[in-house]
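First comes the structure, then the notes that go with it.
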Number of protein chains: 2
Amino acid sequence: MRIGEVADRAGVSTRALRYYEEQGLLASERTSSGQRTYAEAAVERVQLIQQFFAAGVPSRTILQMLPCIDTGHGSPEAFAMLESERSRITAAIADLSAARDQLDRLIGIARHPTPEHCPALRDPAWAPYAPAAH
Amino acid sequence: MRIGEVADRAGVSTRALRYYEEQGLLASERTSSGQRTYAEAAVERVQLIQQFFAAGVPSRTILQMLPCIDTGHGSPEAFAMLESERSRITAAIADLSAARDQLDRLIGIARHPTPEHCPALRDPAWAPYAPAAH
DNA sequence: CTTGACCTTGACGTCAACGTCAGGTCTTAG
DNA sequence: CTAAGACCTGACGTTGACGTCAAGGTCAAG
């Protein structure tokens with residue numbers, strides 16, 4: 001498989017794939033003329049990488065986790081890293097949930113403005129602020 | 001309250017507060033000599049902004065949401081924005097949960113490597129040296 | 001009056017995950 | 001054979017939320 005097909009099937013750009021290789025996240029064989037060749041499993045791997053990126057795991061950290069994933073056994077530090085990322089993600093989920101709850105509260109207030117629930121109506125310190133005083 | 005105290009109490013830098021003001025997210029009065037002065041409510045507001053940033057809401061979007069929040073009533077577009085961000089956050093939570101599940105799976109595999117659960121042991125495409133591709 | 005902590009504006013630096021362009025090579029359909 | 005399209009390396013551009021330095025004003029204490 002050449003790079004374009006992997007990119008299409010994984011839903012990323014070819015630039016991204018070269019970037020992953022540059023970061024040591026994705027290996028490739030080369031043809032005699034220098035073009036990259038990938039195994040089928042590359043698609044799955046790229047999707048895994050994407051999932052980690054979406055979770056806010058930086059490439060350096062993924063790089064440290066991958067040997068543990070690939071070989072199926074890792075050093076204690078690698079385990080610590082996996083656990084650490086896990087708890088970071090859990091914390092991020094909590095933050096997002098809190099933000100969503102705030103948003104729900106604000107949506108509720110915006111729908112039914114009442115002085116007791118809306119600080120802005122009691123203390124209009126932020127009422128009209130200048131659009132762009134420049 | 002001057003800028004340093006707000007920064008301390010909200011747990012951010014003074015640079016961040018000036019940035020928020022620059023972006024139109026946070027207003028301030030000025031003393032005759034030009035120093036910024038904030039009301040008590042500023043601390044709460046900064047924490048709200050921080051919460052939104054943590055949820056991945058960009059400053060431009062927060063800027064569009066704030067009038068709706070401050071005045072307690074918004075245009076239909078403002079409502080759409082709030083709802084839109086809400087669903088975006090919900091999707092982000094789902095992504096994070098999926099990534100965490102993946103991580104749990106990988107942790108389980110790394111703890112108890114078995115060929116049936118570990119693709120790396122069946123198809124060692126990423127092993128130190130690659131056997132012939134099929 | 002002076003010290004030192006705090007404040008001001010302005011402007012450039014950072015970091016990550018790519019986007020994008022330039023200029024050349026490879027492959028394949030016709 | 002040739003033209004189109006996919007691929008290569010290398011290098012600079014982008015974006016957001018600030019960090020950080022420079023070169024000064026301001027303010028309470030001693």
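Every chain is numbered from 1 and lettered A, B, ... according to where its sequence line falls, protein lines coming before strand lines.
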Any side-chain heavy-atom pair of [X] and [Y] under 4.5 Å:
X	Y	result
A/Gln23	A/Arg60	no
A/Leu25	A/Phe53	yes
A/Glu21	A/Arg18	no

With a cut-off of less than 4.0 Å, is there a side-chain N or O of [X] near OP1 or OP2 of [N]?
X	N	answer
A/Ser33	D/dC8	no
A/Arg60	C/dA16	yes
A/Arg30	D/dT9	yes
B/Arg36	C/dT9	yes

Rounding to a whole Å, what distance do you find between [X]:[atom1] and [N]:[atom2]?
X	N	atom1	atom2	result
B/Tyr38	C/dT8	OH	C1'	12 Å
A/Ile3	C/dT27	CD1	P	15 Å
B/Glu22	C/dT9	CD	P	10 Å
A/Glu21	C/dC18	CD	P	15 Å
A/Phe53	C/dC15	CZ	P	17 Å
B/Leu26	D/dA17	CG	P	15 Å

Verify the distance criterion only: is there a donor paired with an acceptor across the side chains of B/Arg30 and B/Gln35 at less than 3.5 Å? no

Between the side chains of B/Thr90 and A/Arg100, is a donor N or O closer than 3.5 angstrom to an acceptor N or O? yes

Strictly below 4.0 Å, N to O, side chains only: are B/Glu40 and B/Arg45 in salt-bridge contact? no

In terms of the nearest nucleotide of DNA chain D, which residue is placed more toward the 5' end: B/Gln35 or B/Gln50? B/Gln50

If you assign B/Arg2 and B/Gln23 each to the DNA chain D nucleotide with the nearest heavy atom, which residue ends up on the more 5' nucleotide? B/Gln23

Can you pull out the residues from residues 7-20 of chain B that lie within a 4.0 Å heavy-atom distance of DNA chain D? B/Ser13, B/Arg15, B/Ala16, B/Tyr19, B/Tyr20

Verdict with supporting geometry, A/Arg88 and A/Glu85, salt bridge (charged side-chain N to carboxylate O under 4.0 Å, His left out): CA-CA 5 Å; A/Arg88 200 189 52 73; A/Glu85 281 306 312; 2.9 Å; yes

Contact class for A/Thr31 (heavy atom, under 4.0 Å): base, sugar-phosphate, or nothing? nothing

